[in-house]
Amino acid sequence: MSLRAVKGMKDILPDEISKWHRLERAFRECAETYGFREARFPIVEPTALFVRSIGETTDIVEKEMYTFTDRGDKSLTLRPEATASAVRAYVQHSVQGREPVTKWYYVGPMYRRERPAKGRYRQFYQAGIEVFGDPGPYIDAEVIDMVVGFIASLGIAEVEVLINSIGGPETRSKYTAALLAYLEPHQDGFCPDCQRRMGANPLRVLDCKVPRCAEIAANAPSMLKHLTDDDRAHFDELQATLTTLGTPYRVDGSLVRGLDYYTRTLFEVLGKGEGLGAQNALLGGGRYDEMVKSFGGPDTPAIGFAVGLDRLLLAMPEVESESHVDVFVIAAQPTVRAEAALLGRELRGTGLRVESDLRGGSLKSQLRRADKMNTRIALILGESEVAAGAVQVKDLREKTQQTVFRKEAAKRVHEILDTPVG
RNA sequence: GUGGGUGUAGCUCAGUGGUAGAGCACUGGAUUGUGGCUCCGGUGGUCGCGGGUUCAAUUCCCGUCACUCACCCCA
């Protein structure tokens, strides 16, 4: 087979789709319970949108984006995440003029050209929320509490919530200076990446997994000790609120995200169950109070997160899937296939999901198909039934069968299924 | 980008230097128009691709591609 799906991009076939539906429905319901409304953004955006928001020196921008030039010589990029688009849309449509606080959610595919692994694909799916106009910290806690509740509602029990604060611009510049002062004497011991990061974004050195770098980073001055009074108060109040809400969390002073736009609150949820492989970060998020302003909008605080749906799916427990068909209509002889099609249409009109096999096979094979589909009811229509204006209603689970008038068939089926006649 | 593992039927996998097998799935029958269980039969494979060694390669060797896991990165 020479034509295959692009590396790292997968087809989702019907056998898997019910799990996706369940996951997406649960997310929408949860978000809407908290007053969020769905927004949809383009998958393709100007490249500059991501370069400016995510950061020029991040891995995403440096080596993972699907960037191409369109026929008008514009540089476009398949979105690697959705927050930048949300901010762009918020500013572009002057949403701040309509309401003081804006709560949006989104669901959709994102694109990053990484080496595929379990739970990491080049086209992957994220669901996320963004809140504009509330400086926190109470909304921060509520958002974290909401997403933890969402994950729990999926039956994913073992998770760990990490939080941190990297402060605002003032904290950041003071801390960066202190960090550089500490790091510079060790510079020669760093991996090449970190040597580069020191100039571009020293915070990310703290996040390096190379043993030697991690060792040096472990003794670096603590960011949390450098928070300004305001940043400190914000972080303390966040923790107090989480405690009030009963959301378990752990402060991890080394938690740093791979996107440059974050300020103050940062959080991440790790899954611990089997099946996730090494990609155990289920969700990540934080506050980005400077981004709206930097895109030319009003000075607007914001917070959001994105959950990786592919990973949630891996962590979700299996549930038995129900049949996608209520009734299987069977033509006992090939001569009554047109009548069977008509009967099927009558039933669908009452809201039933109806399948049939109109190829003209044996009654036995059609019943076998009904059974394979785990269908509750089979309606059997043969020449004698058509002549009598009747139909056989067979309950495949209870193994009972009765003859009813054809015009009573739909009603009888709904009685057995205990569903309202639509 | 770096390393490891695996490529044989639609799926999960066995196997052999003499061009292939099981289970499941699909399908027909046992039961003129009645499913699930059982029994019997059938369809289905250039053994990933290219090259080398050999009388002979699905098997051994090399290369390549794909998939996968890990590092890394992150959701």
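What you are looking at is a predicted structure, and each value in this text was computed from that prediction instead of being measured. Per chain, numbering begins at 1; letters A, B, ... match sequence-line order.
- Looking at residues 35-46 of chain A, you'll see that no heavy atom sits under 4.0 Å from any atom of RNA chain B.
- Here A/Lys399 lies in heavy-atom contact (under 4.0 Å) with a base.
- Across all strands shown, A/Gln333 has heavy atoms under 4.0 Å from base atoms, whether or not it also approaches the sugar-phosphate.
- A gap of 10 Å separates the C1' atoms of B/G28 and B/U43, to the nearest Å.
- Of the listed nucleotides (B/G35, B/C69, B/G33), B/G35 has the atom at the smallest distance from the side chain of A/Asp371.
- Ionic pairing of A/Asp140 and A/Arg287 is present here: one or more N-O contacts between side-chain nitrogen and carboxylate oxygen are shorter than 4.0 angstrom.
- Screening A/Leu342, A/Leu347, A/Ile377 for a side chain to side chain contact (heavy atoms under 4.5 Å, CB included) with A/Val329, the sole residue that qualifies is A/Leu347.
- Comparing B/G48 with B/U59, their C1' atoms sit 15 Å apart, to the nearest whole Å.
- Note: CD (A/Glu268) to C1' (B/C73) measures 12 Å, nearest angstrom.
- Considering only side-chain atoms of A/Asp59, the nucleotide from B/U34, B/C73, B/C71 that sits closest is B/C73.
- Using a 4.0 Å cut-off between charged side-chain N and carboxylate O, A/Glu346 and A/Arg406 make a salt bridge.
- Following rounding to the nearest Å, A/Ile129 (CD1) and B/A75 (P) show an atom-to-atom distance of 14 Å.
- Closest contact between the side chain of A/Arg359 and the listed nucleotides B/U27, B/A75, B/G33 involves B/U27.
- Taken from CD1 in A/Ile303 to CD in A/Glu142, the straight-line distance is 10.5 Å, to the nearest 0.5 Å.
- For A/Thr77 and A/Thr67, the side-chain atoms include at least one donor-acceptor pair closer than 3.5 Å.
- Between the OG atom of A/Ser365 and the CG atom of A/Asp357 there is a distance of 6.5 Å, given to the nearest 0.5 Å.
- As judged by a 4.0 angstrom heavy-atom cut-off over every strand, A/Leu363 is placed among the base-contacting residues.
- Within the nucleic acid shown, A/Ala370 has no heavy atom closer than 4.0 Å to any nucleic acid atom.
- Listed nucleotides B/C74, B/U34, B/G3 differ in distance to A/Leu367; the shortest reach to its side chain belongs to B/U34.
- Residue A/Ile330 contributes atom CD1, which lies 10 Å from atom C1' of B/G33 at whole-angstrom precision.
- Using atom C1' as the reference point in both B/G44 and B/C11, the two lie 13 Å apart (nearest Å).
- Within the 4.0 angstrom heavy-atom criterion, base atoms lie near A/Lys364.
- Judged by distance alone, with hydrogens and angles left aside, A/Ser384 brings a side-chain donor or acceptor within reach of the base of B/G33, the pair sitting under 3.5 Å.
- Annotation: the span from A/Met9 atom CE to A/Phe124 atom CZ amounts to 10.5 Å, rounded to 0.5 Å.
- Of the options A/Val292, A/Val95, A/Val101, A/Val91, a side chain to side chain contact (heavy atoms under 4.5 Å, CB included) to A/Phe132 is made by A/Val292 and by none of the others.
- Annotation: of the two residues near RNA chain B, A/Arg122 and A/Val6, the 5′-most nearest-nucleotide partner is A/Val6.
- Here, B/G17 and B/C47 have their C1' atoms 14 Å apart, quoted to the whole Å.
- Nucleic acid contact class of A/Gln279 (heavy atoms, under 4.0 Å, all strands): base.
- Within 4.0 Å of A/Leu309, counting heavy atoms only, lies no atom of the nucleic acid at all.
- Looking at heavy-atom distances under 4.0 Å, A/Tyr121 makes contact with a base.
- Atom CE in A/Met373 sits about 13 Å away from atom C1' in B/C26, given to the nearest Å.
- Looking at RNA chain B, the stems built from 3 or more consecutive Watson-Crick or G-U wobble pairs, each pair with its key distances under 3.5 Å, are B:1-7 with B:65-71, B:10-13 with B:21-24, B:26-30 with B:38-42, B:48-52 with B:60-64.
- With hydrogens and angles ignored, no donor-acceptor pair under 3.5 angstrom links the side chain of A/Glu64 to the base of B/G1.
- One N or O donor and one acceptor, one from the side chain of A/Gln401 and one from the base of B/U34, sit under 3.5 Å apart.
- For the C1' atoms, the distance linking B/A57 with B/A75 amounts to 47 Å, nearest Å.
- Here the C1' atom of nucleotide B/C26 and the CD atom of A/Gln366 are 16 Å apart, to the nearest Å.
- Mapping A/Arg369 and A/Gly382 onto RNA chain B via the closest heavy atom, the residue that lands nearer the 5' end is A/Arg369.
- Atom CZ in A/Arg311 sits 9.0 Å away from atom OH in A/Tyr121 (nearest 0.5 Å).
- A/Arg311 comes within contact range of at least one nucleobase, with a heavy-atom separation under 4.0 Å.
- Applying the side chain to side chain contact (heavy atoms under 4.5 Å, CB included) criterion to A/Asn280, with sequence neighbours excluded, gives A/Leu270, A/Leu276.
- Of the C1' atoms belonging to B/G21 and B/U16, the separation is 11 Å, rounded to the nearest Å.
- Applying the 6.0 Å contact sphere to CD of A/Glu56 captures no more than 12 heavy atoms from other residues, nucleotides or ligands.
- Salt-bridge annotation for A/Glu415 and A/Arg412: present, with a side-chain N of the basic residue lying under 4.0 Å from a carboxylate O of the acidic one.
- Contacts of A/Gly119 with the nucleic acid, taken as non-hydrogen atoms under 4.0 Å apart, include base atoms.
- Nucleic acid contact for A/Glu62: none, since no nucleic acid atom lies under 4.0 Å from a heavy atom of the residue.
- Within a 6.0 Å radius of CG in A/Asp15, other residues, nucleotides and ligands contribute 12 heavy atoms or fewer.
- Closest contact between the side chain of A/Ala281 and the listed nucleotides B/C74, B/U27, B/U68 involves B/C74.
- A/Lys63 has its NZ atom 8 Å from the P atom of B/C73, to the nearest Å.
- Counting non-hydrogen atoms under 4.0 angstrom, A/Leu396 reaches a base of the nucleic acid.
- In this structure, CZ of A/Arg376 is placed 19 Å from P of B/G36, rounded to the nearest angstrom.
- Under a 4.0 Å N-O distance rule, the pair A/Glu38/A/Arg28 qualifies as a salt bridge.
- The base of B/C73 lies close enough to the side chain of A/Arg120 for a donor and an acceptor atom to sit less than 3.5 Å apart.
- For the pair A/Phe305 CZ and B/C74 P, the computed distance is 19 Å after rounding to whole Å.
- Spacing of P atoms, B/A9 relative to B/G45, comes out at 10 Å, to the nearest Å.
- Heavy atoms of A/Lys7 sit under 4.0 angstrom from primed sugar atoms or phosphate atoms, though from no base atom.
- For a distance-only test at 3.5 Å, the side chain of A/Lys394 qualifies as a donor-acceptor partner of the base of B/U34.
- With hydrogens and angles ignored, a donor-acceptor pair under 3.5 angstrom links the side chain of A/Glu114 to the base of B/A75.
- A gap of 11 Å separates the P atoms of B/C39 and B/G23, to the nearest Å.
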